[in-house]
Amino acid sequence: MPELPEVEITRRHLAEAMVGRKVQAASLHHARTSRYNASPDEVEVLLVGRSIQSVGRLGKFLVIELDDGHTVVGHLGMSGRFSVTSPDANVEPHTHFIATLDDGKQIRFIDPRTFGFVAVFDAEALAESGVARLGRDALLDLPETAELLSFLQGRSAPIKALLLDQRLVSGLGNIYADEALFMAALNPLLAGGDLTSDQVDRLRDSIARVLEEAIENGGTTLDDLAYLLPDGKAGDNMSVLAVYGRTGEPCRRCGSGIDRVVVRGRSTHFCPECQPQ
DNA sequence: AACGATCCCTGTTGGC
DNA sequence: TGCCAACAGGGATCGT
């Protein structure tokens, strides 16, 4: 599933293709993909003729500024993918959105499970959108240990659940939350408020390292869910995952079997020896 | 307020 | 082999 590293890699590709370009045509074929606008038509009307000023990212959201003050917000959900193609390229199944730019290139959004979306917001709608509720970005703006400690103070929820809460720090999903907890040698079920300053310090460093390594590796492409980069290539990061998806397999550090529990409805992978309660 | 459960959706997988 | 239930999960929403 796309998390911060995969969205960041997507952002870089889209920025290269889109910044300074004008949208010549836009078509949106799926009401669920445009669910944050009044209709698919509204997305098309708001986009055509606009120039793209910047392609940014906050957490797992892509934030694209247009020349008239509107903002395009995109989210990959769990199966979404943007591709940059020529207009005559084969249109893949589940292609819900196509924008044609003034250099002839097309930006396409392909999303089988439709958890993702493409929205065009004015300033008011943006301020009420999910983007406005995000905590600091885990890659660009990771809070210092002291600030994280105060966030966690008094929280009884397991640290795994708190890492998935995008209001705390934005960008971590199920894969990198598990990987960061393993790297920090922290049990995912520990209550957030029980973490010591040293533990939060380790967790902070681990979050940064896990995300940076994943970006260097081109992101994580799982076998079952074909996350692909916008150029169609697969990422390499799955080969270095320590715990995610490795239930029953030997821990890369100590050799004992990786365990799996469910936290807040999400599968959670950890080494019971390296990450004791 | 904090926390957990539920829902959305479809390709893949595992059990029978 | 074929069928179908179970599973995967980010974010919104709702109940406790």
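Residue numbers begin at 1 in each chain, while the letters A, B, ... track the order of the sequences. Every value quoted in this text rests on a predicted model; they were computed, and no experiment measured them.
The distance from the CG atom of A/D103 to the CE atom of A/M18 is 10.5 Å, given to the nearest 0.5 Å. Put simply, CD1 on A/I159 and CG on A/L168 are 7.0 Å apart, with the number rounded to the nearest 0.5 Å.
Cation-pi contact between A/R32 and A/F115: present, with separation from the ring centre below 6.0 Å and deviation from the ring axis of at most 45°.
No single ILVMFWY cluster, assembled from side-chain heavy atoms under 4.5 Å apart, contains both A/L140 and A/V73.
For the pair A/H94 and B/dT10, the criterion of a side-chain N or O lying under 4.0 Å from OP1 or OP2 is not met. In this model, the phosphate group of C/dG10 is not approached by any side-chain N or O of A/Q166 to a distance below 4.0 Å at OP1 or OP2. In this structure, A/R35 does not reach the B/dC9 phosphate: none of its side-chain N or O atoms is under 4.0 Å from OP1 or OP2. A/Y176 has no side-chain polar atom (N or O) that falls below the 4.0 Å cut-off from OP1 or OP2 of C/dG10. For the OP1/OP2 pair of C/dG9 and a distance below 4.0 Å, the side-chain nitrogens and oxygens of A/S267 include at least one atom meeting the criterion.
The residue A/R133 sits close only to the backbone: its heavy atoms come under 4.0 Å of sugar-phosphate atoms, none of a base. Counting any heavy atom pair closer than 4.0 Å across all strands shown, A/G265 reaches no nucleic acid atom. A/Y36 comes within contact range of the sugar-phosphate backbone alone, with a heavy-atom separation under 4.0 Å but no base atom that close.
Side-chain atoms of A/R266 come within donor-acceptor range of the base of C/dG10, with a qualifying N/O pair under 3.5 Å. Taking only distance into account, the side chain of A/R155 never meets the base of B/dG4 through a donor-acceptor pair shorter than 3.5 Å.
Using five terminal pairs a side, the axes of the helix from B/dA2-C/dT16 to B/dC16-C/dG2 at its two ends make an angle of 60°, given in steps of 10 degrees.
A/R12 places no side-chain N or O within 3.5 Å of a backbone atom of A/E16 that could act as its donor or acceptor partner. Between the side chain of A/R50 and the backbone N or O of A/L46, no donor-acceptor pair lies under 3.5 Å. Between the A/E6 side chain and the A/T220 main chain, a donor and an acceptor come within less than 3.5 Å of each other.
Nearest-nucleotide positions on DNA chain C place A/F115 closer to the 5' end than the other of A/F115 and A/V131.
Atom CG of A/N174 and atom P of C/dG10 are 6 Å apart (whole Å). Distance A/L164 CG to C/dG10 C1': 9 Å, rounded to the nearest Å.
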